[in-house]
Q: 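Okay, here's the structure, questions in a sec.
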Number of protein chains: 2
Amino acid sequence: MARLPGYLRALTALADAGIASVSSEELAGAAGVSSAMLRKDLSHLGSYGVRGVGYDVERLASEIAAALGLTQDWPVAIVGMGNLGRALAAYRGFAERGFRVIALLDRDPRVVGEEVSGRVVRPMADLTTLVRDEGLSVGVIATASDGAQDACDALVAAGIRSVLNFAPVLLSVPEDVAVRTVDLSTELQILAFHGQRNAVAEAVAP
Amino acid sequence: MARLPGYLRALTALADAGIASVSSEELAGAAGVSSAMLRKDLSHLGSYGVRGVGYDVERLASEIAAALGLTQDWPVAIVGMGNLGRALAAYRGFAERGFRVIALLDRDPRVVGEEVSGRVVRPMADLTTLVRDEGLSVGVIATASDGAQDACDALVAAGIRSVLNFAPVLLSVPEDVAVRTVDLSTELQILAFHGQRNAVAEAVAP
DNA sequence: GCAACTTTGTGCCTCCCTTCACAAAGTCGT
DNA sequence: ACGACTTTGTGAAGGGAGGCACAAAGTTGC
């Protein structure tokens, strides 16, 4: 369910605003989906709503968090200390949502040992230890395109089965490994496509 | 068609490797889709393939680029010079794919005037001028969550209709404005979900 | 020039996701 | 305690995207 994080985000905002109960209509609006879809999604988790009243914000938030597996922690390592890697290392968004970045790695011996955002960059060979001793379970690939598959292979070999990839390449992995790719250029190209459609529509009907 | 950028990426790689012609089977493999789907997608653009031979790599690449609107340029501005904004400003991935970052902006007067990655940070009020005189057409929101809607409103008011949003919020915009949201935490949460499913599956059948 | 082979383009079918609509269930006022 | 009202949960309908399979078309070898 790719929409659960969106619901959780909306619920957290409501809880911060001190709201204790919410109807499917309101929550759906806050999450940007239809109320029927929201109810169907939530019904798959179990019946946590009360008819005539709505959903208990705190209760539902913790049920969703549990369904997403956020009750345990998922230590993260970032591979590749180029521009993007350093940026991600400095980014606080991970920690704010409960993902601890426990290591920064690079394959270049000249970068290993350098300090980035208060952490010492470690060699790729440390991966096995990190997985075994520190429970490392998520790898973030922030290398250049040509190093991404190697980085991915190293992560998989060390036992990691969740990979977040920022390189604009198609990674090949065993089927029990989950990969999510975030490609900024692809996003911009999709926006360009929409922009062009707008321009064409405008030319036809000014 | 959200898959066109993927095809274009694969075609560019093939062209760099000196390959002039490709079958739907091969290209589909390189882009990570089925051959039937690839052919159906391409047939919507027009018939650029030759039966018995395949597709001309250069020709198809330029047709897709045209369909995506990449023949014209789409100047980009980045709003919000926090950690993420500075990272994106330093990132070369945009320029490599033909998107020129022409301005960096921030609403904080203490940040305006500062130099970031060789560019002077400009105030939000410059947006109108940028759109009118420099053809600015894409806005990237890299502010904190609570400033994202304001930044978005400013972009829309200046006439921008393509927005790439990195803040973990649901932006409300007029319907002729295209928004794509990239939320790193959401991606990690989805990975956590898969990771948990793996762990459960393993416990059931070790 | 013809036949065998390769590969595209596409009609049809299937399946999943979304939406609609309503009955079940629980609350609140009297 | 009861009836009117609100809101959930879900069965049924609708739509769209992906996969299958084959005919059309073009190439290549002889």
Side-chain angles (χ1 to χ4, degrees), chain A residues 1-8 10-11 14-15 19-64 66-68 170 175 180-181 186 190 193-194 197, chain B residues 1-8 10-11 14-15 19-64 66-68 170 175 180-181 186 190 193-194 197:
Chain A
M1 296 289 179
R3 285 184 295 269
L4 290 181
Y7 301 156
L8 185 55
L11 285 167
L14 289 170
I19 295 167
S21 180
V22 67
S23 72
S24 64
E25 201 77 38
E26 293 170 308
L27 183 55
V33 299
S34 76
S35 63
M37 204 160 99
L38 174 75
R39 288 199 300 274
K40 185 147 285 186
D41 285 347
L42 296 185
S43 75
H44 290 315
L45 295 181
S47 296
Y48 301 121
V50 179
R51 298 178 190 222
V53 176
Y55 298 89
D56 182 275
V57 172
E58 299 261 352
R59 170 87 189 286
L60 187 55
S62 66
E63 292 292 348
I64 291 179
L68 285 171
L170 182 69
E175 68 171 328
R180 304 226 16 125
T181 295
T186 293
I190 293 170
F193 176 72
H194 286 296
R197 285 186 62 87
Chain B
M1 293 290 180
R3 286 183 296 270
L4 290 181
Y7 301 156
L8 185 55
L11 285 167
L14 289 170
I19 295 166
S21 180
V22 67
S23 72
S24 65
E25 201 78 39
E26 293 169 308
L27 183 55
V33 300
S34 76
S35 63
M37 203 158 99
L38 174 75
R39 289 200 298 276
K40 186 154 288 185
D41 285 347
L42 296 185
S43 75
H44 289 315
L45 295 181
S47 296
Y48 301 120
V50 179
R51 297 178 190 222
V53 176
Y55 298 88
D56 181 275
V57 172
E58 299 261 352
R59 170 85 189 288
L60 188 55
S62 65
E63 292 292 348
I64 292 179
L68 286 171
L170 182 69
E175 69 171 327
R180 306 233 5 132
T181 295
T186 293
I190 292 170
F193 175 73
H194 286 297
R197 285 187 63 88

Q: Whole angstroms only, please: what is the CD-P distance between Glu25(A) and dT6(D)?
A: 13 Å

Q: Rounding to a whole Å, what distance do you find between Asp56(B):CG and dT7(C):C1'?
A: 15 Å

Q: CD of Glu26(B) versus C1' of dT6(C): gap in Å, rounded?
A: 12 Å

Q: To the nearest 0.5 Å, what is the distance between NZ on Lys40(B) and OG on Ser24(B)?
A: 13.0 Å

Q: Roughly, in whole Å, what's the span from CG in Leu45(B) to C1' in dT8(C)?
A: 15 Å

Q: Find the distance between OH (Tyr55(A)) and CG (Leu60(A)) and round it off to the nearest 0.5 Å.
A: 7.5 Å

Q: From CG of Leu60(B) over to P of dT7(C), roughly how many Å is that when rounded to an integer?
A: 16 Å

Q: Hey, can you pull the donor-acceptor pairs under 3.5 Å for the side chains in residues 29-36 of chain A, sequence neighbours left out?
A:
from, atom 1, to, atom 2, distance (Å)
Ser34(A), OG, Met37(A), N, 3.2

Q: Looking at dG18(D), dT19(C), dG9(C), which one has an atom nearest to any side-chain atom of Arg3(B)?
A: dG18(D)

Q: Separation of Asp41(A) atom CG from dC17(C) atom C1', in whole Å?
A: 10 Å

Q: Please tell me which of the listed nucleotides, dG9(C), dG9(D), dT10(D), lies nearest to the side chain of Lys40(A)?
A: dT10(D)

Q: With side-chain contact (heavy atoms from CB on, under 4.5 Å) as the test, would you mind laying out the steps for Leu45(A) and Leu42(A) before giving the verdict?
A: CA-CA 5 Å; Leu45(A) 295 181; Leu42(A) 296 185; 4.3 Å; yes

Q: Examine dG9(C): is either OP1 or OP2 under 4.0 Å from a nitrogen or oxygen in the side chain of Tyr55(B)? Give yes or no.
A: yes

Q: Specify the residue among Ser34(A) and Ala36(B) whose closest nucleotide of DNA chain C lies further upstream toward the 5′ end.
A: Ala36(B)

Q: How long is the straight-line distance from CZ of Arg3(B) back to CD1 of Ile190(A), given to the nearest 0.5 Å?
A: 11.0 Å

Q: Tell me: NE2 of His44(B) to P of dT8(C), nearest whole Å?
A: 16 Å

Q: Work out which heavy atom in Leu11(A) is nearest to a heavy atom in Val57(A); give both atom names and the distance.
A: O-CG1, 3.6 Å

Q: What residues form a side-chain contact (heavy atoms from CB on, under 4.5 Å) with Arg59(A), not counting sequence neighbours?
A: Tyr48(A), Asp56(A), Glu63(A)

Q: I need the CE-P distance between Met1(B) and dA17(D), as an integer number of Å.
A: 7 Å

Q: Give every pair of a protein N or O atom and an N or O atom of nucleotides 22-30 of chain C that lie under 3.5 Å apart, one pair per line with the distance.
A:
from, atom 1, to, atom 2, distance (Å)
dA24(C), N3, Arg51(A), NH1, 2.8

Q: Is the shortest side-chain N/O distance from Ser24(A) to OP1 or OP2 of dT7(D) below 4.0 Å?
A: no

